[in-house]
Amino acid sequence: MSLEVRDIHVYYGDSYILQGMSLEVQEKEIVCLLGRNGAGKTTTLRSIMGYAPPRRGEIRFHGRVISGKPVHEIVRAGIGYVPEDRRIFAGLTVEENLEVAMLPARAGKRAWTPQRIFEEFPLLERLRKKRGGELSGGEQQLLAIARALMGNPVLLLLDEPCEGLAPVVVEFLGEIILGLKRDTPILLAEQNARFALSIADRGYVIEKGRVQCHGPVEKLREDKDIQQQCLAV
Ligand code: ATP
């Protein structure tokens with residue numbers, strides 16, 4: 001088991017946002033979090049990363065409790081996070097964006113280096129001297145994912161990677177995300193349910209900070225309520 005979120009309750013000030021969220025991510029799988037705007041997808045990812053620690057409940061990563069730990073320890077433990085706004089450094093080149101994110105290798109795993117990123121993602125090699133701020137939305141998203149890989153994560157959290165991107169770019173990123181899951185399981189928060197259900201293995205539908213239903217994507221795709229709620233986007 002990679003990640004276990006057990007009955008977490010998260011507040012922003014007095015606002016009660018996650019009201020008993022639970023989910024699991026196993027090795028070699030992509031798990032998607034679906035739900036309307038404001039359902040609690042981003043908060044779930046931020047809570048796993050330690051930015052919004054739960055008041056109750058527990059988060060375990062490879063069996064060890066990480067809830068309550070500071071963000072930098074969670075990153076070092078092996079969780080890579082690509083936030084919705086990507087947060088790449090606009091003034092640094094592609095190569096520099098990768099270099100500043102480099103963390104030590106993990107035992108038994110081939111380390112990510114800028115060279116390896118350029119081999120696996122030739123598009124970034126062609127852009128290596130360009131500044132982050134000069135890239136298109138899709139290029140920035142690819143760089144944000146590559147930058148998260150530089151921390152040699154053993155789990156990746158992606159928040160709406162396809163937001164605002166053209167369908168052909170979404171398809172391209174989908175292939176890349178699928179290619180990563182052999183090595184690194186992925187928890188993907190998405191409003192674009194059609195996209196998420198096309199690449200994920202399992203999914204959780206969230207409403208008002210709770211899991212409304214979950215299961216293999218084949219089952220979720222057939223569910224009429226989910227189609228109405230999520231696929232109408
Ligand atoms: P979106 O697709 O819009 O990101 P989401 O499912 O990811 O939606 P969250 O961003 O997790 O939803 O938001 C869940 C709820 O928490 C919303 O009602 C939102 O208004 C509220 N919220 C989010 N961030 C904060 C904050 N910093 N302070 C107070 N309330 C917040």
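All of these numbers come straight from a predicted model, not from anything done at the bench. When a residue number appears, it is its place in the shown sequence, counting from 1. Counting convention: from 1, in listed order, for ligands and their atoms alike.
A distance limit of 4.0 angstrom between heavy atoms and ligand 1 selects the residues Y12, I17, R36, N37, G38, A39, G40, K41, T42, T43, E84, E160, Q191.
R210 places a side-chain N or O within donor-acceptor distance of the main-chain N or O of Q19, the cut-off being under 3.5 Å. The backbone N or O of W112 lies less than 3.5 Å from a partner atom in the side chain of N152, making a donor-acceptor pair.
Below 30°, between 30° and 60°, or above 60°: for Y81 and Y51 the angle between ring planes is between 30° and 60°, a tilted geometry.
Remark: E73 pairs with no residue by the salt bridge (Lys or Arg N to Asp or Glu O under 4.0 Å) rule, at least two apart or across chains.
Between E139 and S136 the shortest heavy-atom distance is OE1-N, 2.9 Å.
Side-chain contact check for F172 versus L123: some heavy-atom pair is nearer than 4.5 Å.
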